[in-house]
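Below is one structure, written out as structure tokens; the observations come after it.
Just so it is clear, the model here is predicted, and its values are computed rather than measured.
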Amino acid sequence: MSQRTVTRRYAAALYEEANANGVLEAVDEDVRMLLESLDSNRPLVRVFESPVIPQDKKDSIVRELLGDRVEDLTVRFLRLLIRKDRETMTEAILDQYQTLRDEQRGIVDAEVTVARPLADETRTALVRSLEEKTGKEIRLHLHEDADLIGGLVVRIGDRVFDASVRSQLGALHDRLREATLSENALDDGA
């Protein structure tokens, strides 16, 4: 079974259990907090990924760190991952859970690369435009890349919209080269 299939199954199981127990919002918050913690605390990630640390020690760490800070279901779920030797996939499973919840809420992530920082009103207009095009709520992630020269590149899922000056200059270069080759072919044939 592929890792992607496993992460989806565990994420779906967490969702179903949270929904059945009426603690969906609490688990959503727990997942958000855990992902932030894993992102900012690489030693914590190493605890989950280390084959040297015994399962009972990992279980103890989870209970001590999270015991009364998160929903009981969240702690039980993390302990289950440890028991099933899936703790190395914790971050991927939590990411998949968040993706599942976003899909249910109609939220999509838009990775937008720009040459320079956007003014607030431009950012708001961009979000509004993307929401109109997708019919979904947009969670905007801005990145800067001076090599773009100007314009922007938007990635939403598998779709990419490249309106960068760099891309437009490249397309113009290709068209000019094709025109030159066509012109040379006509001259050679005359």
Side-chain angles (χ1 to χ4, degrees), residues 1-113 126-127 130-131 133-145 153-162:
M1 192 176 330
S2 75
Q3 180 172 341
R4 186 176 177 104
T5 302
V6 171
T7 59
R8 281 186 187 151
R9 285 187 180 175
Y10 275 95
L14 178 59
Y15 164 75
E16 290 168 11
E17 194 66 23
N19 192 36
N21 288 305
V23 293
L24 206 48
E25 297 299 320
V27 171
D28 288 351
E29 281 301 313
D30 293 347
V31 168
R32 209 173 352 268
M33 180 272 299
L34 286 167
L35 284 170
E36 287 173 7
S37 297
L38 290 169
D39 188 47
S40 64
N41 190 343
R42 295 324 291 174
L44 180 60
V45 172
R46 285 193 287 276
V47 166
F48 280 105
E49 293 178 350
S50 174
V52 177
I53 300 174
Q55 285 183 335
D56 60 332
K57 181 67 175 169
K58 291 177 184 182
D59 185 75
S60 174
I61 290 169
V62 165
R63 283 184 290 133
E64 287 177 32
L65 282 178
L66 303 174
D68 56 352
R69 294 185 185 146
V70 298
E71 181 62 41
D72 183 54
L73 173 62
T74 306
V75 173
R76 288 193 332 259
F77 180 76
L78 292 173
R79 293 179 70 202
L80 171 73
L81 293 180
I82 293 167
R83 273 195 318 279
K84 297 286 186 175
D85 286 326
R86 301 288 192 193
E87 69 271 19
T88 59
M89 301 171 77
T90 300
E91 196 167 6
I93 291 168
L94 296 176
D95 274 333
Q96 186 61 45
Y97 174 88
Q98 198 162 46
T99 299
L100 171 71
R101 291 294 286 140
D102 286 348
E103 287 172 7
Q104 292 171 339
R105 292 180 177 136
I107 300 171
V108 293
D109 287 312
E111 299 291 333
V112 178
T113 306
L126 175 62
V127 168
L130 292 173
E131 288 177 342
K133 285 182 182 358
T134 63
K136 300 192 182 277
E137 182 180 334
I138 295 293
R139 184 182 302 131
L140 192 65
H141 303 277
L142 283 174
H143 310 281
E144 291 181 37
D145 181 359
V153 177
V154 178
R155 177 183 301 273
I156 299 175
D158 295 343
R159 296 183 307 180
V160 176
F161 173 72
D162 190 343

- Least distance between heavy atoms, Gln55 atom then Ile82 atom: NE2-O, 2.7 Å
- Do the side chain of Thr7 and the main chain of Arg4 share a donor and acceptor less than 3.5 angstrom apart? yes
- Message: Glu103: which residues meet the side-chain contact (heavy atoms from CB on, under 4.5 Å) condition with it, sequence neighbours left out?
- Response: Thr99
- Task: Assess whether atom CZ of Arg139 is packed by more than 12 heavy atoms of other residues, nucleotides or ligands within 6.0 Å.
- Result: yes
- Task: Give the minimum heavy-atom separation between Ser50 and Lys58, together with the two atoms involved.
- Result: O-NZ, 2.7 Å
- Looking only at heavy atoms, which two atoms of Ile138 and Ala110 are closest? And how far apart? CG2-CB, 3.7 Å
- Whether Glu137 side chain and Gly106 backbone form a donor-acceptor pair below 3.5 Å: no
- Query: Does Asp145 have any salt bridge (Lys or Arg N to Asp or Glu O under 4.0 Å) partners at least two apart in sequence or in another chain, and if so, which?
  - Reply: none
- Flag the pair Arg86 / Tyr10 as yes when at least one side-chain heavy-atom distance between them is below 4.5 Å, and no otherwise. yes
- Message: Just checking Gln3: does its CD atom have more than 12 heavy atoms from other residues, nucleotides or ligands closer to it than 6.0 angstrom?
- Response: no
- Query: Between Arg101 and Gln98, do the side chains contain an N or O donor and an N or O acceptor separated by less than 3.5 Å?
  - Reply: no
- Message: Regarding Ser40 and Glu36, do their side chains bring together a donor and an acceptor under 3.5 Å, going by distance alone?
- Response: no
- Query: Leu94 and Leu38: which non-hydrogen atoms are nearest, and at how many Å?
  - Reply: CD1-CD1, 4.1 Å
- Indicate yes or no: at least one non-hydrogen side-chain atom of Asp102 is less than 4.5 angstrom from one of Lys136. no
- Message: If the threshold is 4.0 Å, N to carboxylate O, is there a salt bridge linking Arg32 and Asp28?
- Response: no
- Non-hydrogen side-chain atoms of Val75 and Asp30 separated by less than 4.5 Å: no
- Residue pair Asp109 / His141, side-chain heavy-atom distance below 4.5 Å: yes
- Item | Evaluation steps, side-chain contact (heavy atoms from CB on, under 4.5 Å), between Leu34 and Thr90 | CA-CA 10 Å; Leu34 286 167; Thr90 300; over 6 Å; no
- Item | Among Asn21, Val70, Thr74, side-chain contact (heavy atoms from CB on, under 4.5 Å) partner for Val27 | Thr74
- Can you see which heavy atom on Leu100 is nearest to which on Ala12, and at what distance? CD2-CA, 4.0 Å
- Note on the structure: On a heavy-atom basis, the closest approach of Glu87 and Phe48 is CG-O, 3.0 Å
- Message: Would you say CZ of Arg105 has more than 12 non-hydrogen atoms from neighbouring residues, nucleotides or ligands within 6.0 angstrom?
- Response: yes
- Query: Going by the angle between their ring planes, with limits at 30° and 60°, are Tyr15 and Tyr97 parallel, tilted or perpendicular?
  - Reply: tilted
- Task: Could you tell me which residues satisfy side-chain hydrogen bond (donor to acceptor under 3.5 Å, both in side chains) with Arg155, sequence neighbours excluded, listed by chain and number?
- Result: none
